[in-house]
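When a ligand or atom number is given, it counts from 1 through the structure's own listing order.
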Amino acid sequence: MAGEAPPDDTGIALDAGPSSLTVTFGFGRTFFGKAGVEDQLPEALAPLPDFVSDALDRKRSNGDLWIQIGANDALVAFHALRALQREAADTARLRWQMNGFNRSPGATGRPMTTRNLMGQIDGTNNPKPTDDDFERRIFVPERGEPAWMAGGSYAVVRRIRMLLDSWDHLSLERQEKVVGRRKSDGAPLSGGTETTPVQLDKVDKNGALAIAGAAHVRVAAPASNQGAAMLRRPFSYHDGFRDDGAPDAGLLFIAWQADPMKGFVPVQRKLDLGDDLSRFLRHEASALFAVPPGCAPGEYVGQALLEG
Ligand code: HEM
């Protein structure tokens, strides 16, 4: 975003620059009927299947329109939210809203992969824009269906609470075994540094797998899922404490892919049954959105869908 305030503005972000403000719009399945464009409903927006470990709150799941607002400054993000809410007051009402955060830019001496609330370095083995197959995996191709989604992507949004009291009781060694990476620097237990490729077949001197059979990185890896991959861009959240005193905190897991059936769905099916980490997680809300490509100056996001 350019960081310019609309007329009659609230003034919340006065004095701030754009602060890397990004506003991303996605359409849920139910949008298409309401907007009179049922014939444009993408096949890829089929409802996500149920997973055994789901504990979903339907009121905080799905929705017609998803708006993700990100900024380096919380005031700027809130300002954008208020401006959009005012604009949409006669058209839309709020279904759910979640606040997430990541490490503030500049908090570490050098740019680093962020940590999640379990303390793990999270995001290392994501597809990279420089990978040959990045575009194919993450974005709907030019000749993809429906045409208005060409260059767009599908976002899976899951609110995943972490059972932090149980997690924090595990020894460091157990925590690392559950994930398959070292906590201090994110290096795989098969050796090397954070960015060393994971060697799933490596065995130690006793013949045991260096990365355990049910370790999160093994079960989630493309190699274990016929190449299924997604771009994970999550946020942490903390919404106070539950009645039992446990933190209501975890990961707003957001995964981007060209087709959820070749990204999130097969991987979550596998994690659902055989991931050591899932004992420490509760999936509490879920949604899937079709995110159209960005727009040129003078156009608006989703114009190709709404105006043909
Ligand atoms: C709160 C929940 C979760 C936590 C704390 C978590 C944490 C992590 C960590 C620490 C890593 C290793 C570093 C990295 O490569 O980023 C990782 C890797 C990964 N996670 Fe998760 N994860 C969670 C949920 C999920 C879910 C729901 C999925 C997909 C359905 C997923 C898919 C992946 C994938 C694909 C990798 C990379 C595996 C590889 O190729 O090495 N994760 N996760």
Does ligand 1 have an atom that lies less than 4.0 angstrom from a heavy atom of [X]?
| X | result |
| --- | --- |
| Leu277 | yes |
| Gly250 | no |
| Ile121 | yes |

Measuring only between side-chain heavy atoms, which start at C-beta, is [X] closer than 4.5 Å to [Y]?
| X | Y | result |
| --- | --- | --- |
| Thr193 | Asp185 | no |
| Val219 | Ser224 | no |
| Trp148 | Val37 | no |
| Asp122 | Leu251 | yes |
| Lys202 | Ile211 | no |
| Val178 | Trp167 | yes |
| Leu48 | Arg158 | yes |

Check each atom of ligand 1 against the heavy atoms of [X] and keep those under 4.0 Å away; list them by number with element.
| X | result |
| --- | --- |
| Leu251 | 1 (C), 2 (C), 3 (C) |
| Met162 | 1 (C), 5 (C) |
| Pro222 | 40 (O) |
| Arg181 | 12 (C), 13 (C) |
| Leu271 | 26 (C), 28 (C), 29 (C), 30 (C), 31 (C) |
| Phe264 | 30 (C) |
| Leu281 | 1 (C), 2 (C) |
| Gln268 | 27 (C), 30 (C) |

Q. With a 3.5 Å cut-off and no angle check, do the side chains of Asp272 and His283 form a donor-acceptor pair?
A.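 His283 and Asp272 do not have a side-chain donor-acceptor pair below 3.5 Å.
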Q. Without hydrogens or angle criteria, can the side chains of Ser236 and Asn116 be said to hold a donor-acceptor pair below 3.5 Å?
A.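 There is no such pair between these side chains.
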Q) Hey, any chance Met230 and Phe289 share a hydrophobic cluster, counting ILVMFWY side chains that come within less than 4.5 Å of each other, even indirectly? A)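 No, because Met230 and Phe289 fall into different hydrophobic clusters, even though each may have its own neighbours under 4.5 Å.
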Q | N/O separation below 3.5 Å, Gln120 to ligand 1 | A |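 No, Gln120 has no N/O under 3.5 Å of an N/O on ligand 1.
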Q) atom 14 (C) of ligand 1: which of Asn225, Thr124, Asn116 has the nearest heavy atom? A)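 Checking each option, the heavy atom nearest atom 14 (C) of ligand 1 is found in Thr124.
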Q | Option set Gln175, His216, Arg218, Arg232, criterion heavy-atom distance to atom 42 (N) of ligand 1, minimum | A |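 Residue with the shortest heavy-atom distance to the ligand atom: His216.
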Q) What residue and heavy atom of the protein are closest to atom 16 (O) of ligand 1, and at what distance? A)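 Atom 16 (O) of ligand 1 sits closest to the protein heavy atom Gly123 N, 2.6 Å.
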